[in-house]
Amino acid sequence: MLGSVFAKSLRDQRRSLGWWSLGLVLLTASIIAFFPSIRDNADIEELMKAYPEGLMALFGASDLENITSAAGFLNVELFGFMVPLLFIVFAVGLGSGAIAGEEGRATMEILLAEPVDRGRVVLEKSGAMIAATVVLGIVLWVAMVVGAVAVDMDIGPVRFAEAVLTVTLLGLTFGGLALAIGCITGNRGLALGVSSAAAMSTFVADALGEIADFIDPAKWVSPFYYYNDANVLANGLNPAHAAVLAATVAVLVGIGYRAFQRRDLRL
């Protein structure tokens, strides 16, 4: 019978995690392999300066002047848009399926028939979501460290670890939101929709805050502000910003914990 909800959840995710890891490695390798062709290329720097600032901000590429540096290149090509998107999609998929997915598949009754209470189910499902996302982050870190050595990037393993930590926390923020909504409603589609809409709207709010002063105050409620503002690859980790993201994840898991314990389940 069921020994650990956490272990079973991780086991159920192993195949998906494997494919996600492979795709992330291939993406990272292909992007890093392109870096030597533009390193110290003044013509590319001039070309990038010609792009409208507002347009590039919407694609998470606000550091165009330094695109020929390792940190600037990775910010534009990976950490500005693509990697955050992948981590958010991955974590939201896990978070929305953790509780609401079980209800939608009509397997929650079987799960709760085991000697586990509702609170433990939420905590262990949350733990599995966090662990799987952290594993994906470790895969990204290894791929980046190996790639940086291969093409002689001037960024060390510690700085890569700090960047990976922030993008992992960003993904988990929206994964935690999806989990909380799933616990509150039991509807996976709603959890996916609301968390995806939240990710999109807060991304746009943060991007527009760079070019429109009247939107600037809204950036404080955007997880992307705490992810982007420090420019971790260039400047290192901002502990306060990382703490805000981590605390947000904890609060969302706590909301889901309380909601699932109180909700009348229709099994």
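Only heavy atoms go into these numbers, but all of them, side chains included; no hydrogens, no water, no symmetry mates.
- Of the possible donor and acceptor atoms, one in the side chain of R14 sits under 3.5 Å from a partner among the backbone N and O of R11.
- Between the side chain of R188 and the backbone N or O of A98, no donor-acceptor pair lies under 3.5 Å.
- When hydrophobic clusters are built by joining Ile, Leu, Val, Met, Phe, Trp and Tyr residues whose side-chain heavy atoms come closer than 4.5 Å, directly or via intermediates, L26 is not grouped with V135.
- Defined by atom type and a distance below 3.5 Å, a donor-acceptor pair is present between the side-chain atoms of N228 and D206.
- Listed here is the closest heavy atom pair of A191 and G182: CB-N, 3.9 Å.
- Hydrophobic clustering (side-chain heavy atoms under 4.5 Å, transitive across Ile, Leu, Val, Met, Phe, Trp, Tyr) groups M82 together with F34.
- By the criterion of side-chain heavy atoms lying less than 4.5 angstrom apart, applied directly or through intervening Ile, Leu, Val, Met, Phe, Trp or Tyr residues, V232 is not grouped with V134; the two fall into different hydrophobic clusters.
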Please determine whether side chain to side chain contact (heavy atoms under 4.5 Å, CB included) holds for the pair V244 and L169, giving the CA-CA distance in whole Å, both sets of side-chain angles, and the decisive distance to 0.1 Å. CA-CA 9 Å; V244 169; L169 288 172; over 6 Å; no

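- Heavy atoms only, all atoms of each residue included: A132 and Q13 are closest at CB-OE1, 3.3 Å.
- Using the six-membered ring where Trp is involved, F35 and F73 have ring planes that are tilted, between 30° and 60° apart.
- When hydrophobic clusters are built by joining Ile, Leu, Val, Met, Phe, Trp and Tyr residues whose side-chain heavy atoms come closer than 4.5 Å, directly or via intermediates, V83 is grouped together with V146.
- Classified by interplanar angle (parallel below 30°, tilted 30° to 60°, perpendicular above 60°), the ring pair F174/F224 is tilted.
- L10 is not connected to I99 by any chain of hydrophobic side-chain contacts under 4.5 Å among Ile, Leu, Val, Met, Phe, Trp and Tyr, and they are in different clusters.
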